[in-house]
Amino acid sequence: MTQTGWEFTITGCGTSHGNPPIGIPRLWSSDVRDRRRRAGGLLRGPGGAVVLIDAGPDLMDQLRDPYRDWDGTSYPERAVLRCDALILTHDHADHTHGFNDLRHLNRLMREPGKTAPAIPIYGHAGHLDQVQAMFPYCFGRGPEFYELSAPSLVATPVVDDQPITICGLTAIPFHTSHGSAGRTTGWRLGDLGYLTDLKALPVEAERHLQNLDLLVLDMLREETHETHLCWAEAMAIWQRLRPRRTVLTHMGHEVRWAAWQDRLPQGMEMAVDGWRTVITGASR
Ligand SMILES: [Zn+2]
Ligand SMILES: [Zn+2]
């Protein structure tokens with residue numbers, strides 16, 4: 001059964017350094033649309049389930065103010081107060097170094113008299129091995145582990161090209177290339193394609209990316225880069241896939257919102273932190 005009730009939010013659309021970069025005045029931008037947290041996403045299901053995509057170093061700020069609209073004068077009702085699953089694209093620091101902050105969600109989800117529910121982390125086995133090596137205290141000790149003030153997480157390996165259901169959301173993981181940095185996992189989530197930290201899209205992956213309602217696409221900058229898509233490479237993928245809508249993410253400081261928005265073709269737009277929409281094609 002098809003439903004349209006999954007809201008998708010880009011909680012961060014910046015490259016690994018975050019931008020604009022501090023301490024280098026010539027690279028600064030005073031445009032708030034160029035102020036980008038590290039890349040991540042948020043899915044909210046019709047029944048209230050929350051699925052996060054990656055957990056970078058800006059995670060706590062993303063949980064506190066996912067839509068970047070909090071004025072700080074009242075408790076942010078739209079804050080992220082739970083996480084029923086986390087989808088991992090890869091193990092790089094800018095996508096994982098917020099893991100410790102998931103402990104607060106363990107705390108908030110704990111019902112009186114019960115232990116805190118563990119949060120499943122869905123990802124490629126090799127990435128999960130790396131994450132567990134970086135954060136061994138977060139994994140494998142059972143849901144009671146939160147009582148020791150550490151997150152309670154469960155590594156949940158996925159198999160490339162094998163569809164799974166996460167909180168009622170149909171999800172397909174597949175192999176993508178991060179260039180010299182190794183592999184990443186691309187995801188189809190309903191009719192959303194999420195391709196971050198991408199240097200080349202394997203032909204075999206394209207079958208998972210047909211008839212997309214929305215494509216979130218890595219686009220670091222105009223010039224080529226060893227591990228990320230540049231503008232020409234991103235355009236080539238876009239022309240092959242022809243999604244209904246496309247939004248660019250993981251952008252470098254060189255990519256100024258005001259200068260780029262007007263040059264994009266119809267159906268493609270710049271992200272800002274807090275950009276959101278409803279995606280189609282998610283099964284109950
Ligand atoms: Zn990254
Ligand atoms: Zn990366």
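The shown structure was predicted, so the numbers you read here are calculated from the model rather than taken from an experiment. Read the numbers this way: they start at 1 and go in the same order the structure lists the ligands and their atoms.
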Original post:
Between K199 and E233, is there a salt bridge with N-O shorter than 4.0 Å?
Top reply: yes
Subject >> Salt bridge present between R103 and D101 (N-O < 4.0 angstrom) >> reply: no
**OP:** Following the transitive rule for hydrophobic clusters with a side-chain heavy-atom cut-off under 4.5 Å over Ile, Leu, Val, Met, Phe, Trp and Tyr, establish whether V154 and L52 coincide in one cluster.
**Re:** no
Original post:
So which N/O/S atom does H90 have closest to the Zn ion (ligand 2)?
Top reply: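 Of all N, O or S atoms in H90, the Zn ion (ligand 2) lies closest to NE2.
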Just checking, any donor-acceptor pair under 3.5 angstrom between side chains of [X] and [Y]?
| X | Y | answer |
| --- | --- | --- |
| H178 | D197 | yes |
| D31 | S29 | no |
| T184 | T176 | yes |

Original post:
What N/O/S atom of D197 gets nearest to the Zn ion (ligand 1)?
Top reply: OD2
Subject >> Atom of H250 closest to the Zn ion (ligand 1), considering N, O or S atoms >> reply: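 Nearest N/O/S atom of H250: NE2.
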Mind checking whether the Zn ion (ligand 2) has an N, O or S of [X] under 2.8 Å?
| X | result |
| --- | --- |
| D94 | no |
| H92 | yes |
| H178 | yes |

**OP:** Could you tell me whether the Zn ion (ligand 1) has an N, O or S atom of H95 under 2.8 Å away?
**Re:**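 Within the cut-off used here (under 2.8 Å), H95 does place an N, O or S atom near the Zn ion (ligand 1).
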